[in-house]
Protein chains: 2
Amino acid sequence: MKGLLKKSGLKVTDNRLSILEVLKKSSAPLTAEDIYKTLENEKHMSFSTVYRSLNAMLDAGILLMQVNQDSKQYFQLNTNEHKHIIKCIICKEAVNVEFCPMKEIEEVLAKKTGYKITGHSFEFTGICPNCQKNSQKYSKKH
Amino acid sequence: MKGLLKKSGLKVTDNRLSILEVLKKSSAPLTAEDIYKTLENEKHMSFSTVYRSLNAMLDAGILLMQVNQDSKQYFQLNTNEHKHIIKCIICKEAVNVEFCPMKEIEEVLAKKTGYKITGHSFEFTGICPNCQKNSQKYSKKH
DNA sequence: GTGGCTGCAAAACCTTTGCACACAA
DNA sequence: TTGTGTGCAAAGGTTTTGCAGCCAC
């Protein structure tokens with residue numbers, strides 16, 4: 001983790017290393033608040049430091065960021081295996097989509113539009129198996 | 001347009017009809033601000049009315065909403081032909097993606113996760129043909 | 001007439017920023 | 001030492017809400 005920061009010309013600080021650790025351990029992209037709360041017990045770090053660190057590492061290409069349907073920014077490590085989620089509209093639980101089908105779509109799109117594609121974000125919403133079971137009460141709404 | 005509102009049990013008001021007209025004429029999803037500005041010269045409508053009307057029609061299923069990478073909510077009519085965009089990271093111009101490849105992906109996903117899929121949102125970012133031409137100055141940043 | 005719609009202003013929410021101090025290199 | 005990182009509090013931008021009055025039905 002230290003190497004990532006050095007390579008980008010960012011200073012190596014405890015705060016940044018902690019944030020990277022949290023992201024590394026997480027199986028899904030996290031919000032600034034998620035990270036703040038995770039570290040709360042362990043050490044003191046202000047909200048603005050979380051945001052500023054995330055943005056610095058985002059600019060440096062160490063992280064990826066996407067805005068989900070809840071209007072919040074979600075951050076994850078920029079490895080070759082980035083993650084997308086599917087989120088239950090009832091219980092709000094999110095699970096990872098275990099594949100990213102965008103590579104081929106991006107190629108088609110580049111040809112059609114002439115754009116050079118640099119990124120994508122997507123999110124699915126649905127009803128998880130559990131909520132489907134208990135969802136008679138929701139069945140009036142399509 | 002009137003019929004859409006009636007069918008949903010929403011009252012038919014000038015404001016709502018105006019909003020629907022604007023969305024109908026637009027070739028891309030719009031923000032509340034876009035709609036407000038479009039109508040500004042033509043008539044008075046408060047920002048909260050724009051938001052409340054959009055949300056009422058969203059709940060009624062008349063509209064679709066997605067949050068893009070700029071953290072803004074974009075609204076469009078819920079026809080069978082919904083739209084996705086690709087946005088240039090340099091000049092910020094957005095064009096429509098002329099197809100939605102999600103149907104098949106959703107089927108695979110439903111099988112893999114057990115989720116009943118109710119929606120999706122995605123957005124591509126890239127560099128448009130124009131900016132690629134003028135973009136020597138940007139080439140230092142990957 | 002009544003419940004839903006509207007305007008206005010204020011609040012909520014997430015994120016960014018100014019400033020003074022602290023720390024990594 | 002020097003410039004980058006940090007904490008705190010305040011501000012920013014977008015969206016929501018409380019309340020009083022208005023309008024569609």
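Reminder, nothing fancy here: chain letters follow the sequence lines and each chain counts from 1.
- Taking each heavy atom of H84(A) and H120(A) in turn, the nearest pair found is NE2-NE2, 3.2 Å.
- Across the protein-nucleic acid pair, L54(B) atom CG and dT14(D) atom P stand 15 Å apart, rounded to whole Å.
- Closest to the K11(A) side chain, of the nucleotides dT14(D), dG5(D), dT6(D), is dG5(D).
- Between dG5(D) and N15(A), no contact under 4.0 Å exists linking OP1 or OP2 to a side-chain N or O.
- Between the side chain of S71(A) and the base of dC13(C), no donor-acceptor pair of N or O atoms lies under 3.5 Å.
- Looking at the side chain of T49(B), the nearest of the listed nucleotides dT16(D), dG7(C), dC8(D) is dG7(C).
- Atom P of nucleotide dT14(D) and atom OH of Y74(B) are separated by 10 Å, given to the nearest angstrom.
- As a whole-Å value, the separation of M45(B) CE from dC8(C) P is 12 Å.
- The residue Q73(A) sits close only to the backbone: its heavy atoms come under 4.0 Å of sugar-phosphate atoms, none of a base.
- To the nearest angstrom, P of dC14(C) lies 17 Å from CD of Q66(A).
- Residue S53(A) is in sugar-phosphate contact alone, with no base atom involved, counting any heavy-atom pair closer than 4.0 Å across all strands shown.
- Rounded to whole angstrom, the span from the CG atom of L17(A) across to the C1' atom of dA24(C) amounts to 12 Å.
- In this model, a side-chain donor or acceptor of R52(A) finds a partner on the base of dG7(D) within 3.5 Å.
- The aromatic rings of F122(A) and F122(B) lie perpendicular to each other, with more than 60° between the two planes, well past the 30° mark.
- A salt bridge is defined here as a Lys NZ or Arg NE, NH1 or NH2 lying under 4.0 Å from an Asp or Glu carboxylate O, and E33(B) with K37(B) meets this definition.
- No side-chain donor from either of S18(B) and N15(B) sits under 3.5 Å from a side-chain acceptor of the other.
- Looking at R16(B), its side chain has no donor and acceptor atom pair within 3.5 Å of the base of dG4(C).
- Atoms CZ (F47(A)) and P (dT17(C)) sit 17 Å apart, rounded to a whole Å.
- Side-chain contact of Q69(B) with S121(A): a donor-acceptor pair under 3.5 Å is present, judged by distance alone.
- At the heavy-atom level, T13(A) lies under 4.0 Å from the strands shown only through sugar-phosphate atoms.
- When each of G9(B) and S48(B) is assigned the nucleotide of DNA chain C with its nearest heavy atom, G9(B) is the one assigned upstream, toward the 5' end.
- Side chain of S8(B) to main chain of L10(B): no donor-acceptor pair is present (N/O by atom type, distance under 3.5 Å, no hydrogens or angles).
- Atom CG in D59(A) sits roughly 11 Å away from atom P in dG5(D) (whole-Å rounding).
- Residue Y51(A) places none of its side-chain N or O atoms closer than 4.0 Å to OP1 or OP2 of dT16(C).
- Taking 4.0 angstrom as the limit, N55(A) places a side-chain polar atom (N or O) nearer than this to OP1 or OP2 of dT16(C).
- Between K72(B) and dT14(D) there is a side-chain N or O to OP1 or OP2 distance below 4.0 Å.
- In this entry the distance linking CG of D14(B) with P of dT6(C) reads 9 Å, nearest Å.
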